[in-house]
2 protein chains.
Amino acid sequence: MAPRSGKGTLGAAAEIFQRICPGRLVLDHVSGRWGVPVMVLLRQGPARYFELREAIDGVSEKMLSQTLRALVRDGIVARRATSSIPPRVTYELTELGRGVAGPLGDLLAWLSEHQDELVAAQRAHDELESSASSVA
Amino acid sequence: MAPRSGKGTLGAAAEIFQRICPGRLVLDHVSGRWGVPVMVLLRQGPARYFELREAIDGVSEKMLSQTLRALVRDGIVARRATSSIPPRVTYELTELGRGVAGPLGDLLAWLSEHQDELVAAQRAHDELESSASSVA
DNA sequence: CCGTATCCTTGCGGATACTG
DNA sequence: CAGTATCCGCAAGGATACGG
């Protein structure tokens, strides 16, 4: 079984089965298409708006703003702006943000380490499937 | 930067900035609306189709099947079926699945532990925002 | 530069009906 | 019991244009 705590293995995560729970609120941002790239990028240090836009392939300005605002609202990212012209806005992880970036980074690291197995599993499964149709 | 993986470094996650990468393939399933509940539930042990459907509040049969098939294809979940009537199909985590469930569980646990701070941050932010409009 | 507002397409996801 | 197939609503998300 799970190498974690024996009995309440599920424990703290139990509430995720409800349709709405506080964890969901953030998890939805964390797990959104762009939340992860933004956070990972900001782990390296503060970045300006256009830097994020350039670095994250395929993100639109709308999505970037939206993602940024959500993360700021969650207290995960801090926004610092000069009220002058030209505007200079930098984003960085808050303490809370660095906190979530840890477990998130671990998950990403695991995916990276095991991506070969995952892709292999997919290929194996796909081949089984196509051979299954030729069995008849 | 240090390409070393593990806690605290960006390292291996660099490829997520590309629009498509192997990690994405699974991350998209992991981060989908139903992937997490399914995996968390299966951490407790094997479960049958209808058990999952009952346990996961709000999931439709379509979404459950879809999620399950995706996870099976990823090699994260194993499907075991009796070819008789009535059909009896059980799903369980594979070795790979238990592997990803670890980091994922840690992330969930972190969210659980810090959800108060996150909600507090959201409320603080919302209040700042509403007071800002009344400053004038 | 740093966004926001608008339009429009895409496809996720729910409900239902049907098959093995 | 365990799915699959179909239809459809709706909201996320991309492209573009414009404001501060």
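Model, not experiment: these values are computed from the prediction. Just so it is clear: chains get the letters A, B, ... in the order the sequence lines come, proteins before strands, and each one is counted from 1.
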Atom [atom1] of [X] and atom [atom2] of [N]: how far apart are they, to the nearest Å?
| X | N | atom1 | atom2 | result |
| --- | --- | --- | --- | --- |
| A:Ile56 | D:dG13 | CD1 | C1' | 15 Å |
| B:Glu51 | D:dG3 | CD | P | 12 Å |
| A:Leu52 | C:dC2 | CG | P | 10 Å |
| A:Arg53 | C:dG3 | CZ | C1' | 9 Å |
| A:Glu54 | C:dC1 | CD | C1' | 12 Å |
| B:Leu64 | C:dG14 | CG | C1' | 13 Å |
| B:Ile85 | D:dG3 | CD1 | C1' | 13 Å |

Which letters describe nucleotides 8-13 of chain C, given B = protein heavy atom under 4.0 Å from base, S = only from sugar-phosphate, - = neither? -----B
Contact under 4.0 Å: [X] side-chain N or O vs [N] OP1/OP2:
| X | N | result |
| --- | --- | --- |
| B:Arg69 | D:dT4 | yes |
| B:Tyr49 | D:dT4 | no |
| A:Arg79 | C:dG3 | yes |
| A:Arg48 | C:dC2 | yes |
| B:Ser65 | D:dT4 | yes |

Is there a donor-acceptor pair closer than 3.5 Å between any side-chain N or O of [X] and the backbone N or O of [Y]?
| X | Y | value |
| --- | --- | --- |
| A:Thr94 | A:Gly75 | yes |
| A:Thr90 | A:Ala47 | no |
| A:Arg79 | A:Val89 | no |

With a 4.0 Å cut-off on heavy atoms, is B:Pro87 in touch with a base, just the backbone sugar-phosphate, or nothing at all? base
Between A:His114 and A:Glu117, do the side chains contain an N or O donor and an N or O acceptor separated by less than 3.5 Å? yes
Between B:Ser65 and B:Tyr49, a side-chain donor and acceptor under 3.5 Å: yes
Salt-bridge test for A:Glu95 and A:Arg98: reply yes if a basic N is under 4.0 Å from a carboxylate O, no otherwise. yes
Flag side-chain contact, heavy atom, 4.5 Å: B:Trp34 against B:Leu64: no
